Amino acid sequence: MNGADEFVFVALGGLGEIGMNAALYGFGPPRRRKWIMVDCGMTFAGPDLPGVELIYPDVSFIDKIQSDLLALIVTHAHEDHVGAIAALWPRLRCPLYATPFAAGLLGARRLSEPDAPKVQINIVRQGNRIELGPFGIEFIAVAHSIPESCALAIRTQAGLAIHSGDWKHDDAPGVGLPTDEARFRELGEQGVLAFVCDSTNIIREGESPSEGDVAQVLRELITNAPARVVITAFASNVARLRAVALAAMAAGREVVIAGRAMARTIEVARENGYLDGIADFCALERYPMLSRDCVVVLATGSQGESRAAMGRIAEGEHPVISLASGDRVIFSSRTIPGNEREVNRVINGLILQGVEVITDRTHLVHCSGHPRRGEVERFYGWLRPQVAIPAHGEPLHLYEHARVARAIGVPNVVPARNGDMVLLGPGAPGMIDEIASGRVVQDGTVIVPLGDTVFQERRRLAYAGVVSIAVALTSQGELAGDPDVLTSGLPARMRDGAATDKLIDEAIFATLDSLPRQRRRDFDGVSIAIERAVRSSLQAAWGKRPQVHVLIVLV
Ligand SMILES: [Zn+2]
Ligand SMILES: [Zn+2]
C-alpha cells in the first residue's frame, strides 16, 4: 500500500534564525511526493567562522527528491531568500519562478558573476497563477522593503496553504502594490488550511509606520539641511531610494550614487519602471563640482561595512566623496543585531569630522519591512487558518508568534523547526518526520559542512599562532644540522624577556637529548615528543599553546 495523498511542509532554513530562508511543500503519498521549493537564501557568518562570509542551508534532502522537485519559487529578491541559489544551483536544477524585478536583480547580482551557472528564470507577476503538478500557485502582492514581494497561495486537493513571505501592512508603500487585503479576505472566505507567516517583528506591539511617513521625514530633513546630505539605506529598498530622489528634486538638489549595490538596484528599478519620472542621477565624478547645498548622496554601507561607501567616507578615504563640518548624514536603516560595533565606528568617524548624524533613534528615518504583532493578528483575521506555522524568526520570535496564534484561536499551532516535516492535511496536522537539515558554508570557492574541524583549527591559529619546525635526522637518529624554526603570530619575546626562537630551540634540543638513540629512529615518536615539549614550554613562558607542526626529514 502506498498510502494516501498528504500535503506536507518542511523548512531547510529560516525556522530558528532570521536568514537562510528555504521551505519545501510536498504533495502525494509518502515516497512518491511532488515538491516545490520556496526561496533559497543565505545568512552571514560571524567571527566564529574565520575566513567565511556566507552560510547556506544544507540541501542534502533535495538530492533525494531532485527528480520530483517541480520548481523553485522566489517570493522576493532579498539575499536571505535568494542568496544561496547560485551556489547551490548544481543541486537544485529545477525551473525557477520569479517576478521581473527579482529576476532582474538576481541576474544583476550573483548570476552575473563570471563562473555563475546559467539559470533559466520563468517570469511571473503579482496576481499570476501557475499550475505545477498537483500544486496551483498564486502570487499575491504584499508590501515589503523591496518591490514585487509575493505571498504564495499554494492550492492542493488537501487544501490551501498561504506562505506569507516577508510582508507588512502599508497603505503607502512608495513603490509597488500594498498588501492585497481583498484577495486574502476572499481566500479566507473559501477556507485556508495552513498559514506559514513572518515572525520577524512579532515581539513589537502595534503596527509599523509606513514608507510614506518615512518619505515625509526624509523630505523635511533634506529640505532644511544647511549643507550636503548623505543618506545611507539598504541598497535594495527602491521605495526609499525613490523617496530620497523625489525629495532631492523638490529641494533642487542633484542625486549622486555611491556604491555598486545601489547602482545595480537603480538600474533594475529603472528597467522595471520604478523610477519613472525621476531624472537621471548625477555621475559620481561630478560630486566635487556641486555646491554643498545642491547635493544629496545615496550611499551603501548602512551596516558599517568598512569597504562600502559610507565606511570609506567616514574614514576620509572615499576616492570622490568627502564631507565637512555642517554636512548631514542620515542612516535611513536599522542596525542589524551584531553590526552595532561597526555602525558605531562609522558614526564616530563622521562625528569626528564635524558631521551631523541622524539615525532612527531620534527621527522616523526608517521603517521595517516586517509586520508587528498587530499586523500579524490582522492577517490571521483575514485568513482564519486551521493550522499556523510561525516562520522567519529566531526561537524567541517563533515562540512569541505561536503564543499569539494560539491566543487568536488558531486550532493547530505547529512550532516547527528546520528539518521538521509537518503534515498539513488531510487528518490531524502535526510533525510526522524529520529530514536532514543544517548549514553549509562558502569557504573560498568550496562549500563545506559547518561542523568541519577546519574552522576550529582556524580559530586556534587566530588565537595562538603556529610554530613550524623542521628537523633533519640521519637513519641512525643523529641530528644532521640545526633545526629550522618558523613562527607565525607569536610575540618575539616571552614574559621573562627570553627570545621566543631561543626558547623553542632549547625545547627541541632538550627533547632530542632525552631520547635514547634507538627511539630517535622512530620519526613519528620524535615528532610527537618535540611537539609536546615545545607546546608545554611555550605554555609555561607565554600562557598559550600554539599549533606546532614538526617535520622530520631523513638525510
Ligand atoms: Zn526575509
Ligand atoms: Zn525580505
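Atoms within a ligand are numbered from 1 in the order they appear, just like the ligands themselves. Here the structure is a predicted model, which means the values were calculated and not measured.
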message: Please name the atom of Asp80, limited to N, O or S, that comes nearest to the Zn ion (ligand 1).
response: OD2
field: Passing candidate, side chain to side chain donor-acceptor pair (under 3.5 Å) with His169, options Glu375, Glu207, Arg378
entry: Arg378
message: To check your reading of the site, what angle at the Zn ion (ligand 1) do NE2 of His81 and OD2 of Asp166 form, to 10°?
response: 90°
statement: Row for the Zn ion (ligand 2): angle NE2 (His144) to ND1 (His78), 10° precision, value 90°
message: Parallel, tilted or perpendicular: which one describes the rings of Phe184 and Trp382, with boundaries at 30° and 60°?
response: parallel
query: How are the rings of Phe7 and Tyr25 set to each other: parallel, tilted or perpendicular (split at 30° and 60°)?
result: tilted
query: Is the distance from the Zn ion (ligand 1) to some N, O or S atom of His370 under 2.8 Å?
result: no
Distance-only side-chain donor-acceptor flag, Ser145 / Asn237, under 3.5 Å: no
